[in-house]
2 protein chains.
Amino acid sequence: MANRRASLTDLAKALNLSASTISRALSDHEDVSEATKARVRQLADELNYQPNQLAAALRRGRSNTLGVLVPHITGHFFPQVVHGIATEASKAGFNVMICQSNEDVKQERKNIDLLMNAQVEGILVSLANTTKDFSHFEAVRKQNLPLVFFDRVVEDFGGSNVSAVVLDDYQGAYQVVAHLIEQGCTRIAHFTGPLHLNIHKNRHQGYLDALQAHGIPVDERLTALCPMNQQGGQQAMEKLLKLPQPPDAIFSSNDLAAVGAMQTVKAHGLRVPHDMAIAGFSNEVFTTLTEPMLTSVDQHCEQMGKTAVRLLQKMLKSPAENHETPPPIILKPDLLVRESSMRKQAPVA
Amino acid sequence: MANRRASLTDLAKALNLSASTISRALSDHEDVSEATKARVRQLADELNYQPNQLAAALRRGRSNTLGVLVPHITGHFFPQVVHGIATEASKAGFNVMICQSNEDVKQERKNIDLLMNAQVEGILVSLANTTKDFSHFEAVRKQNLPLVFFDRVVEDFGGSNVSAVVLDDYQGAYQVVAHLIEQGCTRIAHFTGPLHLNIHKNRHQGYLDALQAHGIPVDERLTALCPMNQQGGQQAMEKLLKLPQPPDAIFSSNDLAAVGAMQTVKAHGLRVPHDMAIAGFSNEVFTTLTEPMLTSVDQHCEQMGKTAVRLLQKMLKSPAENHETPPPIILKPDLLVRESSMRKQAPVA
DNA sequence: TTGAAAGCGCTAACAG
DNA sequence: CTGTTAGCGCTTTCAA
């Protein structure tokens, strides 16, 4: 049971060579004779030699690891983004260390520390939805450690090695609402999450602006701040249906709440999209499984992850110190019109 | 722009102390005076000192990191399990390094190497569905590195520091089929993925045994090996409907294919569950969003992740060397009966 | 083409 | 209570 791992020095002794030569041979350094390389490689194979990255990283001052901090790895969006990140990082030869804040600032703080201690070469973060104070990112900035926010970002967080990748939430929301208006809807309600988060703020603004641009008055009673899940959608819908003038369309800032609304609407014997057009946001898997299928906005999650990693790498490569902040990258959303909002073309009973 | 990180030695110099004292002070070692601790902590704070885990890990010979290798971080199951793993690992003070095999043995091999090089203290793996040769795990075993397979496991992979966490797929499948039979179904079809994977093999066996136990003859034409997605389910269903004696129930080894089947059935003007009862496997989010809602089997994904980590920790703690292989842990599935299979109680038109 | 020496930043005997 | 010493395993000058 050979428990201890073979080390460079072990190989060196066995072959009567120095550690340096072994090291060079294994990294295929040019000025080591082919003969020696062959011997080294063979023995390394036999002994199942595994280079100790920790030691190499310490020596080189480069860990080859990226840190990722997300609110959680559940649902549709984050796993998808993480998948993109992991894929792109691996392509670039980086390992990925993943932490979850569980939507809790304290854990976010702790994990940022953790990642820095782990000597990651860059950090990718999506904020917890309770984070309103950003001091914990100051340490990252001071270290000049490349930092990329994605999706849930700190706006106006300047600095030489900080940037962001976001979806154009405003644009996405605007498109949805404009589409609903085109379909003849005039009382469009909006389900939204907490407005201090950029994503919700921007989606809400897109909603408001689209209404105004089309000369539709904004009715505050039609904006429902609710938990963005199935139940939240159901309850919000119930309330709206009791209004003297109920809405004729719902734009929900996420799909789950939209489905909740859809269920409630149907339970009341109303038809979607006839009596109530419904649109969500995120293009979750189940949007094509509901009846009618749910109109939504695709966020290109995986793309976002990949883009974030590429942005990070760009910073890593550039002269580092005092260069300009790379401008944030804004991904374009895709409106996917499905049955739940199609009143004109192919209304589904 | 303080770019270089402060090190222990820096603190030591600044305070006229030795590195060891600083180290002890920071780890709250008992025999350092409170006064000194206070001074050290204060300076550490001021300088924003971040202990270098790499160095500590190298010195200690313990990286405090767990390696995770999954086929991919998409869909419902794996993100959920990874979430469980990350949560439990974090609770135990471990970092988590995540890799994806993309269902490709070559990447699986490479990533196992990667994780070993990163000096992880244990590895959690779910196999790529193309993996039929397991030699790459020999290196792990030789190193006596704790290894826990989950969900997609190598059966009969003995060794002192290897174990597994799986769902009782057989049991789950058996329950589903027994339930369908109780509902009066007699020609039950099965959608399955590749049978060399333990999960599919076991689910299929559960299907077969449940039929036999209830005296229902097995008709091979009713077993459909198909891609386990929406389209695969649709196509398989189309074929089955063309049979001289089409089935009156579908048990699909995953939910997506089940939904595909459901759509096809409805498109043919048939009613679920009346004309065709349908049940899936995995209890994905969307099972409560379809109409009718889909009967499925819950796999306790998050629980699986947590259990796997706990099992790993157990190995880590135990005398290590020659102790017995911990027996695999078999999680009990939960059958969740919903409308799509309820013919008797509350048939939904 | 190879080796010797130094050191990355930390911890852990051991010694005072 | 604090310091000295040594070394984890590797890379990288510099010298031969």
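Letters go in sequence order (proteins before strands), and every chain restarts at 1.
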Starting at [atom1] of [X] and ending at [atom2] of [N], how long is that distance when rounded to a whole Å?
X	N	atom1	atom2	answer
B/Asp31	C/dA12	CG	C1'	12 Å
A/Ile22	C/dT1	CD1	P	16 Å
B/Arg62	C/dC10	CZ	P	18 Å
B/Leu26	C/dA12	CG	P	14 Å
A/Leu15	C/dT1	CG	P	18 Å
A/Arg39	C/dT2	CZ	C1'	12 Å
B/Glu30	D/dT2	CD	C1'	14 Å

What's the separation between atom [atom1] in [X] and atom [atom2] in [Y], rounded to the nearest 0.5 Å?
X	Y	atom1	atom2	result
B/Leu127	B/Asn129	CG	CG	9.5 Å
A/Leu114	A/Gln107	CG	CD	11.0 Å
B/Leu69	B/Leu124	CG	CG	10.0 Å
A/Leu145	A/Met315	CG	CE	10.5 Å

Given the options A/Glu108, A/Lys110, A/Lys106, A/His136 meets side chain to side chain donor-acceptor pair (under 3.5 Å) only with A/Glu108
Is a salt bridge present between [X] and [Y], judged by a nitrogen-to-oxygen distance below 4.0 Å?
X	Y	value
A/Asp31	A/Arg24	no
B/Arg152	B/Glu103	yes
B/Asp104	B/Arg109	no

Rounded to 10°, the angle between the first-five-pair and last-five-pair axes of the helix from C/dT1-D/dA16 to C/dG16-D/dC1 is 40°
**Message:** For a quick check of understanding: with a heavy-atom distance under 4.0 Å over all strands, which category does B/Asn16 fall into, base, sugar-phosphate or nothing?
**Reply:** sugar-phosphate
Using a 4.0 Å heavy-atom cut-off, does A/Ser27 contact any base of the nucleic acid, only the sugar-phosphate backbone, or nothing at all? nothing
- Query: Looking only at atom types and distance, does a side-chain atom of A/Asn198 sit under 3.5 Å from a main-chain N or O of A/Asp151, one as donor and one as acceptor?
  - Reply: yes
| Any side-chain donor paired with an acceptor under 3.5 Å for B/Ser23 and B/Ser20? | no
Here the residues of residues 109-117 of chain B within 4.0 Å heavy-atom distance, strictly under, of DNA chain C are none
The test is salt bridge (charged side-chain N to carboxylate O under 4.0 Å, His left out); show your working for A/Lys306 and A/Glu302 and say whether it passes. CA-CA 6 Å; A/Lys306 292 189 175 180; A/Glu302 190 175 337; 3.7 Å; yes
Its contact letters, B for base, S for sugar-phosphate only and - for none at protein heavy atoms under 4.0 Å, make nucleotides 6-16 of chain D read BBBBBBBB---
